[in-house]
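Order of the sequence lines sets the chain letters (A, B, ...), proteins ahead of strands, with each chain counted from 1.
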Number of protein chains: 2
Amino acid sequence: MVKITDVARHAGVSPSTVSYALSGKRPISEETRLRIEEAIRELGYRPHAGARALASSRSNVLALVMPLRSGINVPVVMQFAVAVVTAARRHDHDVLLLTQEEGEDGLRRVADTALVDALIVMDVQLHDPRLPLLRALNRPSVLIGFPASAQGLTCIDLDFIAAGELCVEHLVGLGHRVVALVGSPPEVYVRGTGFAQRVVQGFTAAADRHRLVSSVHPCEAAPAAARGVAERLLREQPALTGVVVHNEAVLEPLIDAFESLGLRVPGDMSVTAICPEEQAADARVPVTSVAVPSAEVGERAVELLTKKLGGSAVPEATLLAPHLTLRASTAPRSAP
Amino acid sequence: MVKITDVARHAGVSPSTVSYALSGKRPISEETRLRIEEAIRELGYRPHAGARALASSRSNVLALVMPLRSGINVPVVMQFAVAVVTAARRHDHDVLLLTQEEGEDGLRRVADTALVDALIVMDVQLHDPRLPLLRALNRPSVLIGFPASAQGLTCIDLDFIAAGELCVEHLVGLGHRVVALVGSPPEVYVRGTGFAQRVVQGFTAAADRHRLVSSVHPCEAAPAAARGVAERLLREQPALTGVVVHNEAVLEPLIDAFESLGLRVPGDMSVTAICPEEQAADARVPVTSVAVPSAEVGERAVELLTKKLGGSAVPEATLLAPHLTLRASTAPRSAP
DNA sequence: TTGAAAGCGCTAACAT
DNA sequence: ATGTTAGCGCTTTCAA
């Protein structure tokens, strides 16, 4: 194995000079830097990761904890993981994959053995059992999603309030005056899952601001429930022409229900959704939607982490601005 | 930070004794082992991963290279990754995630820096550019999928020949005598993607063995193509009652096509598929199918790798036996 | 059954 | 701008 002393000898310098040339932590004269670079190339030198980690107390590895529970959207998670790995490489880090299954012990293990420098935790719940540990851990972490309190943590996610507002504003721009939010199953609100409530909040605020008639309808994740909601909406709000769906499971069934009730989408009813990009794009009627920007979340999470590793302070909460993608499911309100 | 010397002092033994107690590489008297264990617990000792890697030249980390190209089945990849991580943990290893994007340089980097002890490479192509590197690398690897030659490598995958046979035999058992294989797009065979040809091979061999009338039909991955194949099948093989589909993209469209042509599935036409479990199970008519057992592939890959790391020889090719799951799409041939 | 001590390959303080 | 050198925390020979 080629080591740093071999390179040093070959280049006629000391090992530390090679080390500094590699890390850039102190100025090296142009001339010796070139000699060192050539020696490295000729010998095919690669610094030993373990030795580096030991001497510098930096492994240059990040842990990524992926969710396992059912109900997660697999392609979204994958996209996110790929973004994290790609961004981590740009910052000269590698990514160690942990499953949720390993739980708190797994987090403690990779942190305490100095296997990783920092952690990214996906799918954080409102009262996630890992929160106390993450706060206490001697390594920085970034959480994807918001727990009840971000106090002492670093969290990042889509700004769901702004997403709710954005959908309403899009409908307003198209002339719609009576709108409804078809939301998550009731138990999600009862449980107090942060982002569902935030969508309601944004939706309602924007609707009020624009003096719309609006209503909110939790909905079970089943086609039959979608049908039921559609019927109720038409009965109770005959003037309804715009709907925001925040429940990916019923998006298609709801559109089907509207159409089988004689309404055309978007001719008679405009539908917008907050859901994974794929589902909006691949629907029978492609749906105008706000997606969770998983790639951006991944990149920004890595950036936050490297900043923390660099000693900079970062905000406890980072909210990503929503973007609405226009598709075939929304149109101007037709003349009454 | 608590280190091994702290534990040693606390337990009244030498550091080497603690090390040996931890690794089990030499016998330790019951009594001192207990004292050491207690000291470890009391002090909350965790061996430093980097120091370990440096001293033992083992990082206890495996690299997992995930595919990125479009056309991969994301949930299958995820399932596989989770299985790898879980199995790796059972063997006291962690998993470093690499993307295909990093290519050969990435493989070389993690191998040469001793970041990982061994590699698992997914989505291996017939003439994968990484093959020479993997053969030359100083670290063991396992490939998921089979290249043109497994010579000097360790490969694992579903036994696609047996899968083709199994589907035919299932249809034979139900009394079907005229069968067809609806396969991958023509270019897949031209490109010589190993597993597609192997399915044809198994299908044809089993059909011949049972003296069936059989035919093979490549099919583009588009609903319209499925419709076309269905029409041609009925025209050219009016006696056809059993179909094997090895093209997940057209599975549902093909069934739709049969039904819109007046055939009921499975009443008039039995359909079996070789495809991801999800797609077979979630189809409108749940499809009797052989799935790629991703979890098992992952586990076995890790086992092969740890065996190689332990110095044992392992076979170049490991073929996993296919299993057929009965669902609603196949039934006995109805009386003519 | 246990201990002593020499590294593993690198970084970073300290010197010049 | 560069060199010297003392560790980083662990494993593993060698010795007892």
Would you call B:Arg9-B:Asp6 a salt bridge at under 4.0 Å N-O? yes
Looking at C:dC8, C:dG3, C:dT1, which one has an atom nearest to any side-chain atom of B:Ser29? C:dT1
CD1 of B:Ile36 versus C1' of C:dG3: gap in Å, rounded? 12 Å
Nearest whole Å is fine: how far is C:dA4 C1' from B:Arg9 CZ? 16 Å
In whole Å, I'd like the distance from the CD1 atom of A:Ile4 to the P atom of C:dC10. 5 Å
Would you indicate what A:Ser56 reaches in the nucleic acid, counting non-hydrogen atoms under 4.0 angstrom: base, sugar-phosphate, or nothing? sugar-phosphate
Using whole Å, report how far NE2 of A:His48 lies from C1' of C:dT11. 15 Å
Here's a test for you: under side chain to side chain donor-acceptor pair (under 3.5 Å), which of A:Glu38, A:Glu42, A:Arg35 qualifies with A:His10? A:Glu42
Without decimals, in angstroms, what is the distance between A:Tyr20 OH and C:dC14 P? 11 Å
Would you find a donor on one side and an acceptor on the other, under 3.5 Å apart, between the side chain of A:Asn60 and the backbone of A:Asp92? yes
Among C:dG7, C:dG9, C:dT2, which is the nearest nucleotide to the side chain of A:Met1? C:dG9
Need one value for B:Ser16: base, sugar-phosphate or nothing, where a base atom within 4.0 Å counts as base even if backbone is also close, heavy atoms only. base
When all nucleic acid strands are considered with a 4.0 Å heavy-atom cut-off, which category describes B:Ser19: base, sugar-phosphate, or nothing? base
Nearest whole angstrom, please: distance from the C1' of C:dC14 to the NZ of A:Lys25. 16 Å
From CG of A:Leu43 across to P of C:dG9 the rounded distance in Å is 15 Å
Would you mind telling me which residue lines up with the more 5' stretch of DNA chain C, A:Arg26 or A:Pro15, judged by nearest nucleotide? A:Pro15
Categorize A:Thr32 for me: base, sugar-phosphate, or nothing, with a 4.0 angstrom heavy-atom threshold over every strand shown. sugar-phosphate
Can you list the steps and then say if B:Val292 with B:Phe160 is a side-chain contact (heavy atoms from CB on, under 4.5 Å)? CA-CA 9 Å; B:Val292 175; B:Phe160 281 96; 4.1 Å; yes
Got a salt bridge between B:Glu303 and B:Lys307, using NZ or NE/NH1/NH2 to carboxylate O under 4.0 Å? no
Span of DNA chain D engaged by chain B, first through last nucleotide within the 4.0 Å heavy-atom cut-off, is D:dG9 to D:dC14
Toward the 5' end of DNA chain C, which comes first, A:Tyr45 or B:Arg33, by nearest nucleotide? B:Arg33
Can you tell me how far C1' of C:dG9 sits from CG of B:Leu115, to the nearest Å? 14 Å
Residues, nucleotides or ligands: over 12 heavy atoms within 6.0 Å of A:Glu101 CD: no
Would the distance check show the side chain of B:Arg52 and the main-chain N or O of A:Thr113 forming a donor-acceptor pair, the cut-off being under 3.5 Å? no
